[in-house]
Amino acid sequence: MRDGQSIETDIATTMLDWYDRHARDLPWRTSAAELNSGARPDPYRVWLSEIMLQQTTVAAVRDYFHRFTTRWPTVDDLAAAPDGAVMGEWAGLGYYARARNLLKCARIVAEEHGGRFPDRYDDLIALPGIGPYTAAAISAIAFDRPETVMDGNVERVAARLYDIHTPLPAAKSELKARAELLTPRLRPGDYAQAMMDLGATICTPKSPACGICPLQSPCAARRAGTAPELPRKMPKTAKPTRRGIVYLACRADGAWLMERRPDKGLLGGMLGWPGSDWKDGAAGAPPVSADWSTLAAEVRHTFTHFHLVLTVRTATVDMGCAPETGFFIPNRDFRPSELPTVMRKAFDLCRER
DNA sequence: TAATCGTGGAA
DNA sequence: TTTCCAAGATT
């Protein structure tokens with residue numbers, strides 16, 4: 001520790017030095033060089049990236065971020081988009097409540113905030129889809145306000161830095177208190193991104209690269225040899241397996257029978273094939289009378305908390321038929337890329353046959 | 001507080 | 001093949 005500085009200040013300084021040399025070049029990131037030239041981050045791009053990055057890898061987000069910002073360059077553009085267009089563009093990224101809240105939030109910012117994102121934590125967290133992490137991240141990264149971001153990376157770095165063995169989620173409050181003491185007044189946005197970069201590239205969940213870590217000197221877990229086993233977590237319950245049926249009806253003109261799933265619940269707001277519940281045991285009647293055939297292969301898909309095995313049934317139906325549910329999407333408007341992955345898997349099986 | 005809510009890549 | 005996990009929010 002240098003003269004006149006606390007160990008906390010020293011750690012923050014070390015992280016900023018490391019960030020200046022090793023920051024990753026990401027599409028939504030404003031580089032230190034650009035910031036030094038007076039450029040400011042675009043809060044819209046910071047917000048959009050942070051929503052997409054919730055529980056989602058950088059690799060998965062990249063293309064989605066590019067498509068969204070190309071199609072809707074500003075929050076006003078996004079606010080004016082039809083619901084179905086946004087849900088379709090989000091398809092495949094998962095956690096679809098994020099897309100529904102994204103649109104709600106964009107419309108509030110456009111209509112009630114004049115198209116400008118608020119800069120304060122308390123105002124940001126009041127917006128749909130913005131929780132404690134994202135409010136702090138936007139405030140720090142886009143507006144350089146001294147907020148402490150607590151995501152999985154920072155939790156892991158803090159647990160190791162202070163050798164905290166309390167299992168998550170019980171350890172969250174202690175980890176946050178530790179992390180808050182580290183957040184610097186100078187360049188808090190860069191510091192936040194530095195901590196997350198460190199967690200993503202060096203202080204990784206498995207086999208952390210302690211040998212090249214800028215914090216190896218002050219790290220208590222490194223000293224104790226406990227880094228790889230931290231943070232501890234409560235054991236997870238096993239996933240049950242559920243079953244269901246989907247019906248893929250193709251009309252004589254090539255149109256497909258689909259339905260818009262209700263906003264609440266699994267895959268809410270997304271397009272899907274009519275079918276049974278996935279509660280196990282439910283029969284599920286066909287949406288229209290036809291000569292249905294059952295595919296030999298089944299769809300296997302795993303959600304966050306259960307496995308799903310789907311039986312796929314297909315039929316060709318008449319032009320004049322009147323389904324009990326759903327609507328026909330003309331063949332020229334039908335894009336598998338706008339389906340959630342489990343629904344696209346069912347379509348792919350139907351195609352291969 | 002605990003459950004719900006997706007997906008794909010890595011080990 | 002299975003498990004783990006990734007810049008969490010909501011109810």
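Below, chain A is the first sequence line, B the second, and so on; all start at residue 1. Reckoned from all heavy atoms, side chains included, excluding hydrogens, waters and symmetry mates.
Separating the NZ atom of K172(A) from the P atom of dA7(C) is a distance of 12 Å, rounded to the nearest angstrom. Rounding to whole angstrom units, CZ of residue R62(A) and P of dA7(C) are separated by 14 Å. The distance from atom CG of L102(A) to atom C1' of dG8(C) is 15 Å, rounded to the nearest whole Å. Going from atom CG of L168(A) over to atom P of dG8(C) covers 12 Å, rounded to whole Å. A straight line from CE of M52(A) to C1' of dA7(C) spans 13 Å, rounded to a whole angstrom. At whole-Å resolution of the value, CD in E155(A) and P in dG8(C) are 9 Å apart. Protein atom OH of Y95(A) is 13 Å distant from nucleotide atom P of dC5(C), rounded to whole Å. The separation between R300(A) atom CZ and dT1(C) atom P is 10 Å, rounded to whole Å.
Nearer the 5' end of DNA chain B, as judged by each residue's closest nucleotide, is the contact made by P169(A), out of P169(A) and Q55(A). Each of H307(A) and M196(A) has a nearest nucleotide on DNA chain C; the 5'-most of these lies closest to H307(A).
Here the side chain of R29(A) pairs a donor or acceptor atom with the backbone of R24(A) at under 3.5 angstrom. Side-chain atoms of D76(A) do not come within 3.5 Å of backbone N or O of G115(A) as any donor-acceptor pair.
Comparing the same atom, C1', in dG8(B) and in dT1(C) gives a spacing of 16 Å after rounding to whole Å. Here the separation of dG6(B) from dC5(C), taken at their C1' atoms, is 13 Å to the nearest Å. Comparing the P positions of dT4(B) and dA7(C) gives an interatomic distance of 24 Å, to the nearest angstrom.
Between D348(A) and R351(A) there is no salt bridge, since no side-chain nitrogen of the basic residue lies less than 4.0 Å from a carboxylate oxygen of the acidic one. Using a 4.0 Å cut-off between charged side-chain N and carboxylate O, D42(A) and R45(A) make no salt bridge. A salt bridge links E298(A) and R243(A); the closest N-O separation between the charged side-chain nitrogens and carboxylate oxygens is under 4.0 Å. Salt bridge absent: K279(A) and D277(A) never bring a charged side-chain N and a carboxylate O closer than 4.0 Å.
Counting non-hydrogen atoms under 4.0 angstrom, I138(A) reaches nothing in the nucleic acid. Using a 4.0 Å heavy-atom cutoff across all strands shown, R29(A) reaches at least one base atom of the nucleic acid. Residue W28(A) is classed as a base contact, given a heavy-atom separation below 4.0 Å to a base. Using a 4.0 Å heavy-atom distance criterion, T56(A) is classed as a base contact. Here G268(A) lies out of heavy-atom contact (under 4.0 Å) with every strand. At a threshold of 4.0 angstrom between heavy atoms, the contacts of R156(A) are confined to the sugar-phosphate backbone, with no base atom among them.
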Every protein N/O within reach of nucleotides 9-11 of chain C N/O, cut-off under 3.5 Å:
from, atom 1, to, atom 2, distance (Å)
dA9(C), OP1, G131(A), N, 2.9
dA9(C), OP1, G131(A), O, 3.3
dA9(C), OP1, T134(A), N, 2.9
dA9(C), OP1, T134(A), OG1, 2.8
dA9(C), OP2, P132(A), N, 3.4
dA9(C), OP2, Y133(A), N, 3.3
dT10(C), OP1, G129(A), N, 2.4

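Aromatic ring orientation, H301(A) versus F303(A): perpendicular (interplanar angle above 60°, classes split at 30° and 60°).
Residue K236(A) places at least one side-chain N or O under 4.0 Å from the OP1 or OP2 atom of dC5(C).
Under the 4.5 Å side-chain criterion, counting only non-hydrogen atoms from C-beta, T183(A) is not in contact with E147(A).
Think of the region where chain A sits on DNA chain B: with heavy atoms and a 4.0 Å cut, that region ends 5' and 3' at dT4(B) to dG8(B).
Taking the ring centroids of Y247(A) and W292(A), they lie under the 6.0 Å cut-off. Aromatic pair F347(A)/F334(A): centroids less than 6.0 angstrom apart.
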Determine all donor-acceptor pairs shorter than 3.5 Å in which one atom belongs to a side chain in residues 83-97 of chain A; sequence neighbours excluded.
from, atom 1, to, atom 2, distance (Å)
D83(A), OD1, R107(A), NH1, 3.1
D83(A), OD1, R107(A), NH2, 3.0
E89(A), OE1, R71(A), NH1, 2.6
W90(A), NE1, G94(A), O, 3.0
Y96(A), OH, G92(A), N, 3.0

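No N or O donor and acceptor, one from the side chain of R98(A) and one from the base of dA6(C), sit under 3.5 Å apart.
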